[in-house]
Amino acid sequence: MDPQQELFTELLLKIKELGYDVYDGFLPPEGTPYPFVYLADVRQSDHANKTAVFGNVYTTIHVWSNNPKRRGEVSAFLLDIKTLCRKIEHTKNFAWMLVNVNQRILPDNTTKEPLLHGVLEVEFKFS
């Protein structure tokens, strides 16, 4: 399996185990209850030698909440996901190390109701 797909699948399953509604491929339909997690873009940069492939995988994870007065709730969701990411060390075919996490929480007015939007940009090394 491609490294980025293997990591994506691991993230999807582990975030669901935390009890969050997780969507990928497309945002959920209007009327989906908040909060929810959306696994967005994934980018891979890899190199190969005679016996192995190694490199980096970058992914963006979004969290939306419809209660802007409960910013701490979004922050806690993001912390749960970051903690999960830090615990990923191996999948079936690869070893992983979390290298970098960028986190943002921002207001979102793309719907009729005000939202809070949390964004995690995570970078993993794989070998």
Side-chain angles (χ1 to χ4, degrees):
M1 183 180 289
D2 194 43
Q4 60 81 28
Q5 183 61 49
E6 195 162 309
L7 178 65
F8 184 90
T9 300
E10 182 77 2
L11 288 168
L12 178 71
L13 296 174
K14 295 291 186 188
I15 294 171
K16 282 183 178 182
E17 285 177 12
L18 291 174
Y20 299 127
D21 291 330
V22 183
Y23 298 89
D24 67 284
F26 55 89
L27 284 168
E30 191 173 327
T32 296
Y34 293 94
F36 63 83
V37 177
Y38 173 62
L39 293 178
D41 57 303
V42 179
R43 183 171 59 96
Q44 177 176 313
S45 173
D46 62 55
H47 313 281
N49 62 22
K50 291 181 182 180
T51 60
V53 175
F54 55 94
N56 294 57
V57 172
Y58 309 82
T59 188
T60 305
I61 303 167
H62 299 268
V63 173
W64 272 278
S65 170
N66 65 341
N67 193 341
K69 293 181 180 180
R70 297 185 68 181
R71 186 186 184 284
E73 187 176 85
V74 172
S75 183
F77 295 156
L78 295 172
L79 178 60
D80 284 349
I81 295 168
K82 288 190 301 185
T83 300
L84 176 154
C85 288
R86 289 183 174 105
K87 291 179 180 178
I88 296 174
E89 294 180 350
H90 292 91
T91 54
K92 182 177 179 183
N93 298 299
F94 300 97
W96 297 94
M97 182 177 74
L98 184 64
V99 177
N100 193 27
V101 178
N102 292 307
Q103 175 179 317
R104 291 179 289 162
I105 298 176
L106 49 144
D108 184 330
N109 60 0
T110 58
T111 66
K112 292 177 186 175
E113 63 182 318
L115 305 173
L116 269 182
H117 181 186
V119 181
L120 291 177
E121 297 167 322
V122 295
E123 175 187 2
F124 286 88
K125 282 192 178 293
F126 69 90
S127 59

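Every value quoted in this text rests on a predicted model; they were computed, and no experiment measured them.
- A donor-acceptor pair under 3.5 Å links the side-chain atoms of T83 to the main chain of L79, judged by distance alone.
- Other residues, nucleotides and ligands place no more than 12 heavy atoms under 6.0 Å from the CG atom of N109.
- Each of D24, L7, T59 was checked for a side chain to side chain contact (heavy atoms under 4.5 Å, CB included) with V42, and the lone residue meeting it is T59.
- Atom CD of Q4 sits about 8.5 Å away from atom OG1 of T9, to the nearest 0.5 Å.
- Shown here for F124 and V99, the closest heavy-atom pair between the two residues is C-CG2, 4.2 Å.
- Checking R43, R104, K82 one by one against E121, the salt bridge (Lys or Arg N to Asp or Glu O under 4.0 Å) holds for a single residue, R104.
- Looking at every heavy atom in both residues, D108 comes nearest to W64 through OD2-NE1, 2.7 Å.
- Below 30°, between 30° and 60°, or above 60°: for F36 and Y23 the angle between ring planes is above 60°, a perpendicular geometry.
- Test E123, E6, K125, Q44 against V57 for side chain to side chain contact (heavy atoms under 4.5 Å, CB included) and you get one pass: Q44.
- Relative orientation of the F77 and Y20 rings is perpendicular, given thresholds of 30° and 60° on the angle between their planes.
- When all heavy atoms of V74 and S65 are compared, the closest pair comes out as CG2-CB, 3.5 Å.
- When each of V119, L116, I105, L78 is checked for a side chain to side chain contact (heavy atoms under 4.5 Å, CB included) with V63, only L78 meets the rule.
- Once rounded to the nearest 0.5 Å, the distance linking CG of L120 with CD1 of I81 reads 6.0 Å.
- Hydrophobic clustering of Ile, Leu, Val, Met, Phe, Trp and Tyr side chains at less than 4.5 Å, counting indirect connections, keeps V101 apart from Y38.
- A distance of 13.5 Å separates CH2 of W96 from CD of E89, quoted to the nearest 0.5 Å.
- Of the possible polar contacts, none joining the S75 side chain to the R71 backbone as a donor-acceptor pair under 3.5 Å is found.
- Contact record, N93 with M1: ND2-N, 4.2 Å, taken as the closest heavy-atom pair.
- At a threshold of 4.5 Å between side-chain heavy atoms, the hydrophobic network of Ile, Leu, Val, Met, Phe, Trp and Tyr places F8 and V22 in one connected group.
- For the atom pair CD (Q103) and CD1 (I61), the distance works out to 11.0 Å, reported to the nearest 0.5 Å.
- If you check the side chains of S45 and N56, you find no donor sitting under 3.5 Å from an acceptor.
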Next on the checklist: Is there a side-chain contact (heavy atoms from CB on, under 4.5 Å) between L98 and I88? Walk through the geometry before answering.
Outcome noted: CA-CA 8 Å; L98 184 64; I88 296 174; over 6 Å; no

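- Note: F54 and H47 have tilted aromatic rings, judged against thresholds of 30 and 60 degrees for the angle between ring planes.
- Environment of CD in E30: sparse, with no more than 12 heavy atoms of neighbouring residues, nucleotides or ligands closer than 6.0 Å.
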